[in-house]
Amino acid sequence: MNAFDFLIRNRAEVLQLTLEHLLLVARAMVLAIPLGVLLGIALTRHKAMRQWILGAANVIQTVPSLALFGFLIPVPLIGGIGDRTAIVALTLYALLPIIRNTFAGIAGVDRAVAEAARGMGMTEGQVLRQVEIPLALGVILAGIRVATVISVGVATIAAAIGAGGLGMYIFRGVAMVNNQVILAGAIPAAILAVLADVSLGWAERRLTAR
């Protein structure tokens with residue numbers, strides 16, 4: 001029996017685990033997107049924060065995913081076994097590309113355009129909302145796209161702490177030394193990552209073409 005036969009015979013469980021996987025990623029991105037964008041905006045306004053925030057986000061990215069999940073388990077309020085710890089870990093992993101791209105996008109806006117907006121009487125908030133963010137939107141969306149694809153992959157580790165998702169098949173297959181079961185988790189996860197990349201790429205082109 002190959003991996004595709006296994007997927008077909010266990011399609012109900014595959015669907016359930018896929019939905020669990022999607023829910024983990026979606027909940028993490030709901031937290032990561034506004035937090036990452038706000039931090040990226042803050043970096044454009046406060047130079048002193050750049051080294052600390054970008055440094056912390058870079059350090060998080062260098063921590064192996066399984067180790068990060070393990071570090072978070074004993075943390076009060078956000079830790080423990082289950083999806084809460086997984087969502088926090090996925091949120092942390094998603095921050096770097098969102099922060100970096102938001103900062104780069106806004107910092108890359110022509111200063112003459114921003115100054116012209118201020119000269120027309122716009123406040124700093126209006127310049128940000130009506131000039132800088134619209135002009136930087138393509139770069140910001142590219143960061144969100146990368147963060148989402150990363151999260152789909154990292155979410156497979158969530159099964160190690162009882163959060164479910166397609167990683168259940170991967171860990172089960174490793175324990176059984178069964179490549180078919182491993183692929184039954186890896187193939188849908190890879191398909192989800194590709195679909196997320198394509199759909200967000202389409203949304204990026206639509207929004208930036210306006």
Side-chain angles (χ1 to χ4, degrees), residues 19 21-63 65 68 72 77-78 83-84 86-155 192-210:
L19 290 175
H21 203 94
L22 284 172
L23 187 59
L24 283 174
V25 173
R27 290 165 72 182
M29 295 307 298
V30 164
L31 295 174
I33 291 172
L35 180 58
V37 170
L38 287 174
L39 288 173
I41 292 170
L43 296 187
T44 65
R45 269 53 183 175
H46 306 285
K47 293 183 179 180
M49 298 174 63
R50 294 176 190 174
Q51 180 180 357
W52 298 102
I53 293 178
L54 287 175
N58 274 300
V59 167
I60 291 170
Q61 284 285 336
T62 64
V63 177
S65 52
L68 181 60
L72 290 173
L77 299 179
I78 64 172
D83 58 358
R84 183 172 56 190
I87 291 166
V88 172
L90 292 174
T91 300
L92 292 174
Y93 268 114
L95 285 178
L96 180 60
I98 299 174
I99 294 172
R100 182 181 289 166
N101 278 45
T102 301
F103 169 69
I106 294 176
V109 172
D110 191 338
R111 292 300 94 190
V113 175
E115 289 302 322
R118 294 186 182 95
M120 294 171 61
M122 286 188 178
T123 64
E124 284 298 318
Q126 289 173 325
V127 171
L128 176 66
R129 293 191 303 271
Q130 300 177 31
V131 178
E132 292 179 321
I133 289 180
L135 291 175
L137 188 58
V139 180
I140 295 172
L141 289 174
I144 293 172
R145 181 180 174 184
V146 170
T148 303
V149 173
I150 290 173
S151 294
V152 172
V154 176
L192 286 180
V194 171
L195 289 175
D197 185 54
V198 171
S199 59
L200 289 172
W202 175 83
E204 179 185 335
R205 290 190 296 273
R206 292 277 294 181
L207 291 172
T208 56
R210 294 180 178 180

About how many Å separate [atom2] of [Y] and [atom1] of [X], when rounded to the nearest 0.5 Å?
X	Y	atom1	atom2	result
Gln130	Met122	CD	CE	4.5 Å
Leu35	Thr91	CG	OG1	8.0 Å
Leu92	Ile78	CG	CD1	7.0 Å
Ile140	Glu204	CD1	CD	11.0 Å
Ile144	Ser151	CD1	OG	11.5 Å
Ile150	Gln61	CD1	CD	5.5 Å

Glu115: what forms a side chain to side chain donor-acceptor pair (under 3.5 Å) with it, not counting sequence neighbours?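 For Glu115 the side chain to side chain donor-acceptor pair (under 3.5 Å) partners, ignoring immediate neighbours, are Arg118.
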
Any chance you could lay out the side-chain contact (heavy atoms from CB on, under 4.5 Å) test for Arg45 and Ile106, step after step, and finish with the verdict? CA-CA 10 Å; Arg45 269 53 183 175; Ile106 294 176; 3.9 Å; yes

Which pair of non-hydrogen atoms, one from [X] and one from [Y], has the smallest distance, and what is that distance?
X	Y	answer
Leu96	Ala57	CD1-CB, 3.7 Å
Val25	Ala155	CG2-CB, 4.0 Å
Ala147	Met29	CB-CE, 3.9 Å
Arg50	Thr44	NH2-O, 4.0 Å
Glu132	Ala114	OE2-CB, 4.3 Å
Arg129	Pro134	O-CD, 3.2 Å

4.5 Å side-chain heavy-atom contact, [X] and [Y]:
X	Y	value
Asn101	Val139	yes
Ile41	Ile133	yes
Leu141	Leu200	no
Leu95	Ile60	no

Judged by atom type as modelled, is there a donor-acceptor pair below 3.5 Å linking the side chain of Tyr93 to the main-chain atoms of Val154? no

Verify the distance criterion only: is there a donor paired with an acceptor across the side chains of Arg100 and Asn58 at less than 3.5 Å?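 A donor-acceptor contact under 3.5 Å links the two side chains.
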
